[in-house]
Amino acid sequence: MINQEIARIFQEMAEFLLMEEAAFKPQAYEKAALSLETLRENIGEIYKKEGIEGLKNIPGVGQGIAEKIIEYLKTGKIKEHQRLKKKFPIKIEELMAVEGIGPKMARDLYEQLKIKDIKDLEKAAQAGKIRGLPRFGLKTEQNILQGIKFFKKSGSRFLLGEILPRVYEIIAELKNLKEVKQISEAGSVRRRQETIGDVDILIASSDPEKVIDHFVSLSGVIKIWNKGRTKASIRLSGEYDVDLRVLPEKQFGSALQYFTGSKEHNIVLRKIAVKKGLKLSEYGLFRGEKRIAVESEEEIYEKLGLEWISPEIRENTGEIELALKTKLPELIELKDIKGDCHCHSHWGAGKRIISELAETAIKIGYEYIGISDHTKFLRIEHGLDEKQLIQQKKEIEKINSRLRQGFGGQAKFKILQGCEANIMADGSIDISDKVLAKLDYVIAGVHSQMKMTESEMTERIVKAMRNPNVDIISHPTGRILKQRDEYKIDFDRILRVAKETGTILEINANPYRLDLNDKNIRQAKKIGVKMIINSDAHQKEQLNFMPYGVFQARRGWAEKKDVINAWPLKEFLNFIKR
DNA sequence: GCCGTTTTCGGCCCGACTGTTTTCAGTCG
């Protein structure tokens, strides 16, 4: 996408300009880059429709940067960027990925040792050449080697789904201490980001020593990075790090606000504070020397003239502007979810776990569950054919009538029958329309031949959406976190056709998928395409993936009205095509 | 280079930590 390309160039220009010690320009370019990254409309379209004035309406884009955008649109490059690249022919992004290296150090390393990338850097450090440079020393050299080691084994981010359950356990255990007055996760975990670098936990206590002693002796600790008077860092057996900070009780609110971030969100809050003649930091909101808010986040936001903002949307992508006008969306909550429609019973593999899934769903408090097994094209998953689907339908009817008896004849809980059919390369579905029409709903998804061109893949999915029997598209972009990128698709077109045909897009709650992502969700909401949050459970325990889907939906600003399995079952069934 | 219910010029977010330094620049979150 062209927005991302230009954003990347501006980001790089910001780093180069820092190396040139330019004043204020770097921040300007960085701001423009960030703004383009989160921009939903295509920048080329904006220019075509509204010209340079349209570009200048983008926050952080003024005359100068608008002209550079136009230059890129017309010639495919930006002269100023070329000039900087020539002056600093280095892989700046790569070098800065090493912890402790920023633009200035990268510049010095290039100018004095001709270091252009990590390979050069490692060689120089190993040869002991870095320690002799001005403003560098032995310690810095060792830190660089350490940083390279970490960089190499990375993909060092972890899935929220891998980490959050453990965080809940740690919090529950620390809560048992009577010295712990308040406790919360902070940082990207609290914002429910898809992936997490490290975990931040905050505690309010008057006896930090005791709390920290307990913290570093938690089960599963394999390394203690540091243990201070009010903070400590540990590495857990999953190879991820947890930082703890212990604060005086009174400071908990401002510290929680500060350490939750995001950085971009906090920067804007601090600017708002400055404008009001105040100062915001982790120690509180101040007017001069006087602390006017500190104990709770609500208090801080209120004194800044804002509604309290849910952590999931604290990304400075428009939430602050809405909070100023008290117009924040009412984000969907887990308790709004009335049922789960993407659950596999592995019926074709001879398992009969439908009633177990139903029991689990009843325990969760759902009003219905939808069984949607794979279909015949996916042999390896024991996909069902037409005949098996009809047999399964009969069994589900039987279980449903038994359930009704259990509830004294009342239909308090219902099992629906769907399927997760395959969208073939040509866009057709691997189950006959006649049988599809007999099911309560039909999910269709791409499970093969994922390396098509953008137009091929888009047309494939569009054709499936135009099938009147297809209600829902599962994991619409196909990405698997840390493993595989999304398919090449024209998501705008998918959205337009979804809107036109009334097709529902899935928010797949599996922590490895989380597909749609937050940006997709915001786009869908804006266009008015409805979504459904499904666990994609392959065993009954995985029905508990649902919260991750809800977090993702919240990160995409989705409300109850946008998500059909937050509606009463009757409305849901009325909405789908049949 | 951007931006404006204090400004079209003069501002531009905050604090801790680290390593290298005798007072601070660079990096990070």
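We name chains A, B, ... by the order of the sequence lines, and we start the count at 1 in each one.
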Student: Classify the nucleic acid contact of Gln63(A) as base, sugar-phosphate or nothing, counting any heavy atom under 4.0 Å across all strands shown.
Tutor: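 Gln63(A): backbone/sugar contact only, no base atoms under 4.0 Å.
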Student: When you compare the side chain of Phe259(A) with that of Arg245(A), does any pair of heavy atoms fall below 4.5 Å?
Tutor: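 The answer is yes; the side chains approach within 4.5 Å.
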Student: Heavy atoms only, 4.0 Å cut-off, all strands: where does Leu138(A) land among base, sugar-phosphate and nothing?
Tutor: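 The answer is sugar-phosphate, as Leu138(A) gets under 4.0 Å only of primed atoms, P, OP1 or OP2.
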Student: Taking any heavy-atom pair under 4.0 Å as a contact, classify Ile267(A): base, sugar-phosphate, or nothing.
Tutor: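 Answer is base: heavy atoms of Ile267(A) come under 4.0 Å of a base.
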Student: Start with the C-alpha gap between Arg314(A) and Ser262(A), add the side-chain angles, then the distance that decides, and say whether side-chain hydrogen bond (donor to acceptor under 3.5 Å, both in side chains) holds.
Tutor: CA-CA 6 Å; Arg314(A) 294 185 195 171; Ser262(A) 66; over 6 Å; no
Student: For dC12(B) and dT7(B), measure between their P atoms and round to the nearest Å.
Tutor: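 Here dC12(B) and dT7(B) have their P atoms 16 Å from each other.
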Student: Out of Arg191(A), Arg192(A), Arg554(A), which residue meets the salt bridge (charged side-chain N to carboxylate O under 4.0 Å, His left out) rule with Glu315(A)?
Tutor: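 It is Arg191(A); the other options fail the test.
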Student: Within the structure shown, what part of the strands sits under 4.0 Å from Leu280(A) by heavy-atom distance: base, sugar-phosphate, or nothing?
Tutor: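 Sugar-phosphate contact only.
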Student: Could Arg555(A) and Glu194(A) be called an ion pair, given the rule that one side-chain N must be under 4.0 Å from one carboxylate O?
Tutor: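 Answer for the salt bridge query: yes.
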Student: Reckon Val268(A) touches a base, only the sugar-phosphate, or nothing at all at heavy-atom distances under 4.0 Å?
Tutor: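 If one applies the 4.0 Å heavy-atom cut-off, Val268(A) turns out to touch nothing in the nucleic acid.
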Student: Can you tell me how far C1' in dT5(B) sits from the matching atom in dG1(B), rounded to whole Å?
Tutor: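 Per the computed distance, 24 Å lies between those C1' atoms.
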Student: Counting Watson-Crick and G-U wobble pairs only, both distances under 3.5 Å, name the nucleotide matched with dC2(B), or none.
Tutor: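 Because both required distances fall under 3.5 Å, dC2(B) counts as paired with dG11(B).
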Student: Suppose you measure atom C1' in dG26(B) against the same atom in dT20(B); what distance do you get, rounded to whole Å?
Tutor: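 It works out to 11 Å between them.
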Student: How far does the C1' atom of dT23(B) sit from the matching atom of dC17(B), given to the nearest Å?
Tutor: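 dT23(B) and dC17(B) have their C1' atoms separated by 16 Å.
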Student: Using the C1' atoms only, state how far dT6(B) lies from dG10(B), rounded to an integer number of Å.
Tutor: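 My reading of the C1' atoms in dG10(B) and dT6(B) gives 13 Å.
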Student: Can you check the distance between dT18(B) and dC13(B), where both ends of the measurement are the P atom (answer in whole Å)?
Tutor: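 After rounding to an integer number of Å, I get 25 Å for this pair.
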Student: Could you tell me the boundaries of the chain A footprint on DNA chain B, defined by atoms under 4.0 Å from its heavy atoms?
Tutor: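 The contacted stretch runs from dG1(B) to dG29(B).
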Student: Has Ser35(A) got a side-chain atom pairing as donor or acceptor with Lys31(A)'s backbone, closer than 3.5 angstrom?
Tutor: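 No.
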Student: Asn266(A) near the nucleic acid: base, sugar-phosphate alone, or nothing, with a heavy-atom cut-off under 4.0 Å?
Tutor: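 Result for Asn266(A) = nothing.
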Student: Indicate, with a heavy-atom threshold strictly under 4.0 Å, whether Pro59(A) touches base, sugar-phosphate, or nothing.
Tutor: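 Answer is sugar-phosphate: Pro59(A) comes under 4.0 Å of backbone atoms only.
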Student: Is a salt bridge present between Asp562(A) and Lys525(A), judged by a nitrogen-to-oxygen distance below 4.0 Å?
Tutor: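 Yes, this pair counts.
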Student: Quick one: on DNA chain B, does Glu282(A) or Lys275(A) contact a more 5' nucleotide (nearest heavy atom)?
Tutor: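 Nearer the 5' end of the strand: Lys275(A).
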Student: If each of Asn143(A) and Lys56(A) is mapped to the nucleotide of DNA chain B with the nearest heavy atom, which maps nearer the 5' terminus, i.e. the 5' end?
Tutor: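 So the residue in question is Lys56(A).
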Student: Check this for me, if you would: do Lys87(A) and Glu20(A) make a salt bridge, where the nitrogen-to-carboxylate-oxygen distance has to be below 4.0 angstrom?
Tutor: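 Result for this pair is yes, salt bridge flagged.
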Student: Name the orientation class of the two ring planes belonging to His265(A) and Tyr301(A) (parallel below 30°, tilted from 30 to 60°, perpendicular beyond 60°).
Tutor: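 Taking Tyr301(A) first and then His265(A), their aromatic rings sit tilted (interplane angle of 30° to 60°).
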Student: Could you check whether Phe136(A) gets within reach of a base, just the sugar-phosphate, or nothing at all, counting any heavy atom under 4.0 Å?
Tutor: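 The answer is sugar-phosphate, as Phe136(A) gets under 4.0 Å only of primed atoms, P, OP1 or OP2.
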Student: Scan side-chain atoms only and decide if Lys77(A) and Gln82(A) contain a donor-acceptor pair under the 3.5 Å cut-off.
Tutor: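 The criterion, which ignores hydrogens and geometry beyond distance, is not satisfied for Gln82(A) and Lys77(A).
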Student: Taking only heavy atoms on the protein side, list every residue of residues 72-108 of chain A lying under 4.0 Å from any atom of DNA chain B, sorted numerically.
Tutor: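 Val98(A), Glu99(A), Gly100(A), Ile101(A), Gly102(A), Pro103(A), Lys104(A), Met105(A) - these, ordered by number, are the residues of the stretch whose heavy atoms sit under 4.0 Å from the strand.
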Student: For a quick check of understanding: with a heavy-atom distance under 4.0 Å over all strands, which category does Lys231(A) fall into, base, sugar-phosphate or nothing?
Tutor: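 Sugar-phosphate contact only - Lys231(A) comes under 4.0 Å of backbone atoms but never of a base.
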Student: Name the nucleic acid region contacted by Lys68(A), choosing base, sugar-phosphate or nothing; use a 4.0 angstrom heavy-atom cut-off, strictly under.
Tutor: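 Touches sugar-phosphate only.
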Student: Using 4.0 Å as the upper bound for N to carboxylate O, is an ion pair formed by Glu41(A) and Lys526(A)?
Tutor: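 Result for this pair is yes, salt bridge flagged.
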Student: What does Lys139(A) touch in the nucleic acid at a heavy-atom separation under 4.0 angstrom: a base, only the sugar-phosphate, or nothing?
Tutor: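 It contacts sugar-phosphate atoms only.
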